[in-house]
There are 2 protein chains.
Amino acid sequence: MTSSPGSDKRQHVVETAYALFKRAGFHATGIDRIIAEAEVAKMTMYRHFPSKDELIVEVLDYRARRFESQLDRLAQEGITPEQKIGKILDWHERWFRSPDFHGCLFAHALAEFGDPRHPVFKAAARQKNGLKRRMQSILEEVMPRDRAESVATVLLMLIEGATLVAQMGQADTAIRDARKAALGIVAASRRPQ
Amino acid sequence: MTSSPGSDKRQHVVETAYALFKRAGFHATGIDRIIAEAEVAKMTMYRHFPSKDELIVEVLDYRARRFESQLDRLAQEGITPEQKIGKILDWHERWFRSPDFHGCLFAHALAEFGDPRHPVFKAAARQKNGLKRRMQSILEEVMPRDRAESVATVLLMLIEGATLVAQMGQADTAIRDARKAALGIVAASRRPQ
DNA sequence: TAGCTATGAGACAGACCTGTCTCACTACTT
DNA sequence: AAGTAGTGAGACAGGTCTGTCTCATAGCTA
């Protein structure tokens, strides 16, 4: 058993592949390009990942885990549901403004792998459902379960739509209007209907 | 000048390519597949379209024109802004429930051609901005310009998000929650703030 | 020292990709 | 009847794709 260099390579391939997929898309990024950028032999990659598709799934799961852990940290900073949702929107605002923002990798995966039975599609859908569940459980503190689910769905749609608008170059408008709408909906749903 | 068979071929290629792009994506659909399905010689295609990218742009523009003309017809059925926006949501509901719904082709184009300078990216962004402008002008009947623009952006984000949620297999939830949120926001924005 | 594991480097196969070219043919126009 | 525009069929080039294979090597462990 090797200790350090063994699994380093694997993770390095995942991170390099992530950067390339993000910029150029999944189909447009070839294995040769990934191993060249990662400075790794082709067999090293294929010994860690049985196929390109499984590498893609690994990349998505890795990014989903990172995303979840970042939101876990942020959730503790907020007290009320409005504050917690606000923190999630803050995170997206920073993301939209980051130097190489290229839209949502998970949404792109859904676009490129349209078959719902495909492992890549499933991995991408997992992330989206995870975000929805997170917001739903935040909302359940102050409203009944079914209403929390509806509101969480709306928030997810707003966030996904805002990400697309931001990708078209209107990040500022997107996040401002999304925040206004999101907080308005949460406030309105708090009151007994 | 040939009258009938000449331009029929061109349009037939566009429609065949559309059906294939929709199912399998742009990069994953090869020229050979398109011409085989359209039962057309390769040179026939390349005499009409200088490259695959330009065919893609043509497909997107064609679908955008169809979309616009359908909404033009629907807009006349509604009287109040709420009714007109409701008609647009009705259209999306039917679309989500249609037999081979595969998500939004324009959103997929943005995903696969991430460079904002790429003609395909521009063509896809045109369609999204067109839908936003349409909703904005509907809203300007009952609210000031800047507020109409904000609300139109929110409606666009809701629609795009709902399309993504629908693509993940929750079409019913998506359209119901999107409609509720959309009409609520329009109603709230009508009142002087 | 011997052995084992992970890796590097690159050839290779087989398929697919976009785009070009040639030649024959049809159908319409003048 | 002659000419012309559009088309069909397919070979072809040059490149890229994924995935497999071999062989050499570096470094750790027993």
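The structure presented is a predicted model; accordingly, all values stated were derived computationally and were not measured. The chains referred to below are lettered A, B, ... by the order of the sequence lines, with proteins before strands, and numbering in each begins at 1.
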### Query
What pairs of residues pass the salt bridge (Lys or Arg N to Asp or Glu O under 4.0 Å) test when at least one of them lies in residues 16-26 of chain A, not counting sequence neighbours?
Lys22(A)-Asp100(A), Arg23(A)-Asp100(A)

Distance-only criterion, 3.5 Å: show the donor-acceptor pairs between side-chain atoms of residues 148-156 of chain A and protein atoms not counting sequence neighbours.
from: Ser150(A); atom 1: OG; to: Asp177(B); atom 2: OD1; distance (Å): 2.9
from: Thr153(A); atom 1: OG1; to: Glu149(A); atom 2: O; distance (Å): 2.9

### Message
Using a 4.5 Å cut-off between side-chain heavy atoms of Ile, Leu, Val, Met, Phe, Trp and Tyr, which other residues end up in the same hydrophobic cluster as Ile79(A)?
### Response
none

### Query
Who are the salt bridge (charged side-chain N to carboxylate O under 4.0 Å, His left out) partners of Glu77(B), not counting sequence neighbours?
Lys87(B)

### Message
From the set dT20(D), dT18(C), dG19(C), return the single nucleotide nearest to any side-chain atom of Tyr46(A).
### Response
dT20(D)

### Task
Can you sort out which residues in residues 34-43 of chain B have a heavy atom within less than 4.0 Å of DNA chain C? Ascending by number, please.
Lys42(B), Met43(B)

### Summary
What residues 109-123 of chain B contributes to the DNA chain D interface at heavy-atom separation below 4.0 Å is none

## Note on the structure
By side chain to side chain contact (heavy atoms under 4.5 Å, CB included), Glu68(A) pairs with (sequence neighbours left out) Arg134(A)

### Message
Both Arg47(A) and Gly30(A) contact DNA chain D. Taking the nearest nucleotide for each, which residue is further toward the 5' end?
### Response
Gly30(A)

## Note on the structure
Note: for Arg33(A) and Pro50(A) on DNA chain D, the residue whose nearest nucleotide lies more 5' is Arg33(A)

### Query
Do Val13(A) and His48(A) come close enough that some side-chain heavy atom pair is under 4.5 Å?
no

### Query
Of all residues at least two apart in sequence or in a different chain, which pass the side chain to side chain contact (heavy atoms under 4.5 Å, CB included) check with Pro116(A)?
Phe121(A)

### Query
More than 12 foreign heavy atoms under 6.0 Å from CD of Glu141(A): is that the case here?
yes

### Task
Quick one: sort the Phe21(A) and Phe26(A) rings into parallel, tilted or perpendicular, breaks at 30° and 60°.
tilted

### Task
Would you please name every residue forming a side chain to side chain contact (heavy atoms under 4.5 Å, CB included) with Arg73(A), sequence neighbours left out?
Ser69(A), Gln70(A)

Using distance only, find each side-chain donor-acceptor pair of residues 165-175 of chain A under 3.5 Å and give its atom names and separation, not counting sequence neighbours.
from: Gln167(A); atom 1: NE2; to: Leu110(B); atom 2: O; distance (Å): 3.2
from: Asp172(A); atom 1: OD1; to: Arg97(A); atom 2: NH1; distance (Å): 2.5

### Message
Let me test you: for the helix from dT1(C)-dA30(D) to dT30(C)-dA1(D), what is the angle between the axes at its two ends (five pairs each), rounded to 10 degrees?
### Response
0°

### Query
To the nearest angstrom, how far is Ile31(A) atom CD1 from dC12(C) atom P?
21 Å

#### Entry: Nucleotide dT20(C), atom P - distance to CE of Met45(B) in whole Å
10 Å

### Query
Taking atom C1' of dC17(C) as reference, at what distance in whole Å does atom NZ of Lys52(B) sit?
8 Å

### Message
Going by the rule side chain to side chain contact (heavy atoms under 4.5 Å, CB included), which residues pair with Ala24(A) if we only count those two or more places apart in sequence or in a different chain?
### Response
Thr29(A)

### Message
I need the CG-C1' distance between Asp53(B) and dG19(C), as an integer number of Å.
### Response
12 Å

#### Entry: Spacing of Ile56(B) atom CD1 relative to dT18(C) atom C1', expressed in whole Å
12 Å

### Message
Please tell me if His48(A) has a side-chain N or O lying less than 4.0 Å from either OP1 or OP2 of dT7(C).
### Response
yes

### Message
Between P on dT20(C) and CG on Asp32(B), what's the gap in Å once rounded to a whole number?
### Response
14 Å

#### Entry: Lys9(A) NZ - dA26(D) P separation (whole Å)
14 Å

#### Entry: Atom-pair distance (CZ on Phe26(B); P on dT18(C)), nearest Å
14 Å

